[in-house]
Amino acid sequence: MVRIQITVDGQRHEDEVEGRLLLVHYLRDRLGKVGTPVGCDTSNCGSCTVRMDGQSVKSCSVLAVQADGSEITTVEGLATGEWHPVQTAFKECHALQCGYCTPGMIMASIDLLEENPSPSEDEIRHGLEGNLCRCTGYQNIVKAVQYAAAQGGAQ
Amino acid sequence: MTATTEAPAPEVPGRQNVVGTPLRRKEDARLVTGRTRWTDSVAAPGLLHVVILRSPMAHARLTRVDVSGALQRPGIVAAYTGLDLVDDFGGLPTAWTVSEDLKTPSHFPVARDVVRYVGDAVAVVVASSHDAAVDAMEAIEVDYEPLPAVLDMEQAMADGSPLVHDDIGTNTCFTYHEEHGSYQASKAKADVLLTRRYVNQRLIPNAMEPRSVVVDPTGAADSFTIWSSTQVPHFVRIFMALVCGIPEHKIRVIAPDVGGGFGSKLDIYAEEAICLGLAKRLHRPVKWTASRSEDYQATIHGRDVIQDVEIAATSDGKMLGLRVDLLTDMGAYLQLLTPSIALLGRYMYPAIYKFETHSFHCTGVFSNKTPTDAYRGAGRPEATFAIERAVDDLAAHLHLDPIELRRRNWITHDEFPYTTVCGLEYDSGNYEAATDKALELFGYDALRAEQAERRRSNDPVQLGIGVSTYTEMCGLAPSRWLGEQGYVAGGWERATVRMTPLGKVEVVSGTSPHGQGHATTFSQIAADALGVPFEDVEVIVNDTAAVPWGLDTYGSRSLVVGGTAVRRAAEGVVEKAKLLAAHLFEADPADLEFDSGTFRVKGTPSATKTIQELAFASFTSHTMAEGSDAILTADHLVDPETFSFPHGTHLCAVEVDTETGMTKIRRYVCVDDIGKVVNPMIVEGQVHGGVAQGIAQALYEEAVYDDAGNLVTGSLVDYLVPAAPDLPTFETDRTETPSTTNPLGVKGVGEAGTIASTPAVVNAVVDALRHLGVDDVRMACTPERVWRAIHGARGSDDPAPAGSVVYGGATTETTAGGRLT
Amino acid sequence: MIPAQFDYVRASSVDEAVAALAEHGDEAKVMAGGQSLIPLLRLRLSYPEVVVDVGRVAEMAGVREDGAHLVIGAMTTHHEVIHNELIRRHCGLIAEATETVADPAVRHRGTFGGALAHADPAGDLPAVALALDAEMVIAGSGGRRTVPAEEFFLDYLQTAVQPDEVLVEVRVPKLGEGWGYRYEKFHRVAQSWAIVGVAAAVRRSNGTIAEARVGLTNMGSTPVRASGVEEALNGASLERIGEAADRAAEGTSAPSDLNGKADYREHLARVLTRRAVTAAAGS
């Protein structure tokens, strides 16, 4: 067992974990952060994307021990009173249907906008290449990122 | 709060006529903030975790399954073989007896003696944690005696082929034949005969949420609560009662948030029975959740149909007769609707065209692969693909523009209602209008000119234009029709609309959303019918305890059938409210007017009450007449009189790099006619997603088995689901020809995009290469296949060798494609 | 799925990593960002008893100049590589190819050294390292040694790094004046691996090609240098690029798999080499 200390959505946690424990399972099973779902076992789908020290990562491909000392933000930690503009944009633009990919898609979109506050359509599509959606055909997701960018983006 | 006999005023001034407007979805607040409840997130006190050991062999006899090693591992509560569980559940059901000769093999949730596909369950482990269960699973010892695997449909039907099911004695699951008029007579009149073989490859549906089941046996009165990632909670309840021998009234099924289905969760699965059986046996809540790779083996696949198509036509472009002969792969067992899928498309082969005759033949074949079943469109994408590919091919042969050939053969708008050669009555449509609009948006003539120029200059990047003028039949379905077809259930839908004491509205629907936005759409319908604010409506679905009657969501039925029930039930509430208002006003009901949620006594402007105010009066019943039923609730059951027939024109322009074979979609334009629209935003989203899945079939996706029956595309690494950069921006528009068969005037939209788009894309790919001698490219149109098609046509290279993985899921290569005579 | 159990060792220095590897030998696996390893562990395709995490070894991260070379720490993430000014200025081919690796989230965790040590011939960076004549600095209990890229990639997923060694940094000769470059990646969807990739660096002089380096992705069990092409391009005029590119498949042993049979890959190698070299030559 390894002792780790992680801050998740602003709350500090200390735990003993097995080396093999995936960050996503730590979040879901230990901390009850079930807003972040698991969609695959090969790091392709991006449903489990969270932000780790300000960068998007696939939490199914990070060991909890690797996240020791890190700050994690999940989709549940985005809204501080008000929704994050990207959350609003996803609703406004109908960028989700079943919603399973949405937490990861939102986290990846925030990451994209922080790096590039006014991306072109092509840059948005490539910036989201690590996140699969089966419902929307991506068109309204692209639109949502454009909408969020126009509203001032990543904040 | 102070008690008062006055009903509170609405919090928000009533907005009227929200039907037809793009209201934002009610569902989204939870989904964008992570306040979700997927089945895998459901926790119960004392929860145990189930994992399933699956066969690595496509076909083998189990000579020994020894779970004792697993039982020694820490945290293990139980481990069972199939033979240990014979008393816990029986075989899984098939609900559609498509023909008298249908062979239905035994299908046990855990195999007892023989495994028949890679992924067939062999043993189960139950542990206090998922990790412990997975670790222990590796300690189970199994001896497999290999049996020959059956993988190719045509070989499976040959004499002497090994059998998937020895006891059945044949690999032919069923044969089905239907004749409408004499195709031979049409053929005799024809001077052109187009003969083609098309292949709809095997696909993996890939709902983003892998399947998951939780069963809690600790409910009151020895009852069981099942949470399942399913499209069909009502079916699950009925069939779990039958499969596990548990009284129906002791079972409650909840489909919580469900992360997409696309048909793959329209089924009764082994894991539902396994979890229910284990929960009953162990008296503990249990959970099973598939990993993605496990889901690829254990959740149904789609399509996998070989289509021999013949069109008898005249040289001036009149299509007379259509002959279709299908081979459809069942996989190893029959799931809920497996044998019916290819047949669901049989009336859609004649499509929008005025054929005189239609001959249809279909053979279902067993193989040692994952069972197939419904995948978005279920039978209709296959039909539309074949007919729209064939029409483009015929146009090329006749040197006609593909649009022109369609114009010469389609049903014109003034011919509706039109009874097709199959005897279906299409209620309404306007193919000319949709096509004209699409052509204009697309800039058809300019693109044709560019195509000519690229051909002339021998540009390495060629332009192709593909057409698909589809219709489909959805809104499943008239119960009488389903009964005639040998289906065990009906196709009605039921809704309850009720006002709560404080004037809010609850809509209870038997449909079961999993991403479509029912809560929003049904709220719009109820809000308008009752004249209450959209925000005051709550939609209750997906729980058999709260919604005892329902037939769930699939086949683009929710709005057409379920939405109609909501509308009718809401009208029923208005009728009851009117009687109540009349009583309170001491007026004759006939003297009451209802508009925008308010009842008025004609000629007495001061005498008004909103329906929300009446709800409170109804609740208190202080002034009710004796014996009156003033509670503002109404039920309605809708059994559709016919199907819904959306249609549209999809146009695709592709650029094909003839050096590499890579295809890139340059334009995608679609004009769909789905009748009246309740929420245009949601409708557009359905079109986008549908088109994306159809494009994915055309260009990217294919479930490939190797010659030992292993699923080679066993994870998302190898099964290519397109991401955002792989799809174009879709240019969508609509025409609106209301349906005449439901009060909303709506037609289904959930599957239309998928049905329409696949042939548009493949037609475009072929169109780009026709001048090089190419007349077909098999799906998925991979760069390699395109490159080989070009080289094969030039005679400089063989097309892909028969049976190689180059042709993937459909290894049958007994013809080299079509021929023209 | 969840990985099988392993002991986790976090190294905070190269010495600690080497010591841990010396102790556990064959049973240990080095983890950098984990973006290739963790999926393999999850699918239980790999069962190490010990995982030695070098992801936080500070001396293995970062990029510096050393005369005519850039020295790229093995733990430099793909994201850092893409945005690193030195790499963009002196070895732009690496940045360009790295932009095509996986997706942004994976690039935040995955590392340059990890990708090279994983040595997947379908990976984009091995061919680039080979084309650029990179040198691998490997640390073991006996000290450090430097292995040229040509001798580094031994076979499928196999390198010159021994079980008790770790790849510490990569020395890449700077591309000076007159060099152009291009990474042509051919794949079916954004996330998929290269069916074939071509890394080309070309130095022009007086309108002809003075020197060319071409590395091929996924044309054998290791990345391959297209030496026939390089030879034909030496001193060639730009018009001869096509002819030279026709030699791209010489000496390769392309795999046949779901995405392409060998003959198709050979064809692609020729087409893509022509395109990559043409772009690199700026014509």
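Chain letters run A, B, ... following the sequence lines, proteins first, then strands; residues in each count from 1.
- Between chain A and the residues B/Gly261, B/Gly690, B/Ser129, B/Ser41, the most heavy-atom pairs under 4.5 angstrom are made by B/Ser41.
- A/Glu82 CD: 12 or fewer foreign heavy atoms inside a 6.0 Å radius.
- Across every non-hydrogen atom of B/Thr36 and A/Gly35, the tightest pair is OG1-CA, 4.0 Å.
- More than 12 heavy atoms of other shown residues, nucleotides or ligands fall within 6.0 angstrom of atom CZ in B/Arg30.
- Two residues are said to be in side-chain contact when any heavy atoms from C-beta on lie closer than 4.5 Å; B/Glu294 and A/Asp41 fail this criterion.
- Only the side chain of A/Tyr138 comes within less than 4.5 Å of a heavy atom in chain B; its backbone stays farther off.
- Checked by atom type and distance alone, the side chain of B/Gln693 pairs as donor or acceptor with a backbone atom of A/Arg134 at under 3.5 Å.
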Determine, step by step, whether A/Asp29 and B/His130 satisfy the side chain to side chain contact (heavy atoms under 4.5 Å, CB included) criterion, reporting the C-alpha distance in whole Å, the side-chain angles of both residues, the deciding distance to 0.1 Å, and the verdict. CA-CA 11 Å; A/Asp29 300 342; B/His130 178 257; over 6 Å; no
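- The two residues A/Gly39 and B/Pro210 have their closest heavy-atom pair at O-CG, 3.9 Å.
- Between chain A and the residues B/Leu31, B/Asp726, B/Val32, the largest count of heavy-atom pairs under 4.5 Å involves B/Val32.
- Heavy atoms closer than 4.5 Å to chain A are found nowhere in B/Glu27, neither backbone nor side chain.
- Top candidate by heavy-atom pairs under 4.5 Å with chain A, chosen from B/His514, B/Met681, B/Arg25, is B/Arg25.
- Here the CG-SG distance, from B/Asn206 to A/Cys40, works out to 10.0 Å after rounding to the nearest 0.5 Å.
- When heavy atoms are compared at a cutoff of 4.5 Å, A/Glu121 approaches chain B solely by way of its side chain, counted from C-beta outward.
- The heavy-atom pair separating A/Gly137 from B/Ala692 by the smallest distance is CA-CB, 3.5 Å.
- Residue B/Met208 comes nearest to A/Cys45 through the heavy atom pair CE-CB, 3.7 Å, listed as atom of the first residue, atom of the second, then distance.
- For chain A, the option among B/Ser291, B/Pro728, B/Gly689 with the highest count of heavy-atom pairs below 4.5 Å is B/Gly689.
- Contact of the B/Val717 side chain with the A/Asn44 side chain is registered, since non-hydrogen atoms from C-beta on lie closer than 4.5 Å.
- Highest contact tally toward chain B, considering only A/Glu18, A/Glu92, A/Arg28, A/Lys33, is held by A/Glu92 [criterion: heavy-atom pairs under 4.5 Å].
- Neither the backbone nor the side chain of B/Pro513 has a heavy atom closer than 4.5 Å to any heavy atom of chain A.
- Chain A forms the most heavy-atom pairs under 4.5 Å with one residue out of B/Pro722, B/Ala696, B/Ser715, and that residue is B/Pro722.
- The NE2 atom of B/His688 sits 6.0 Å away from atom NZ of A/Lys143, with the distance rounded to the nearest 0.5 Å.
- Both the backbone and the side chain of B/Ala29 come within less than 4.5 Å of a heavy atom of chain A.
- Ranked by non-hydrogen atom pairs under 4.5 Å with chain A, the options B/Ala207, B/Gly517, B/Ser293 are led by B/Ser293.
- In this structure, SG in A/Cys98 is found 5.0 Å from CH2 in B/Trp38, a value given to the nearest 0.5 Å.
- For A/Thr136, the part lying near chain B is the backbone, with the side chain staying farther off; criterion is any non-hydrogen pair under 4.5 Å.
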Which is it for B/Thr33 and A/Gln87 under the side chain to side chain contact (heavy atoms under 4.5 Å, CB included) test, yes or no, and what are the steps along the way? CA-CA 7 Å; B/Thr33 53; A/Gln87 290 175 306; 3.7 Å; yes
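- With a 4.5 angstrom heavy-atom cutoff, A/Val38 touches chain B only via backbone atoms.
- Interface remark: B/Ile695 contributes no atoms to any contact with chain A (heavy atom separation under 4.5 Å).
- B/Gln686 approaches A/Gln97 most closely through the heavy-atom pair NE2-OE1, 3.4 Å.
- Put simply, of A/Leu128, A/Ile141, A/Asn140, the one with the most heavy-atom pairs under 4.5 Å next to chain B is A/Asn140.
- Both the backbone and the side chain of A/Leu132 come within contact range of chain B, each with at least one heavy atom under 4.5 Å from a heavy atom of that chain.
- The backbone N or O of B/Phe730 sits less than 3.5 Å from a side-chain atom of A/Gln139, completing a donor-acceptor pair.
- Of all the heavy atoms in A/Arg125 and B/Ala724, the pair that sits closest is NH1-O, 2.8 Å.
- Within the 4.5 angstrom heavy-atom criterion, only backbone atoms of B/Val258 (N, CA, C, O) approach chain A.
- In this structure, no portion of B/Val691 lies under 4.5 Å from any heavy atom of chain A.
- Heavy atoms closer than 4.5 Å to chain A are found nowhere in B/Pro22, neither backbone nor side chain.
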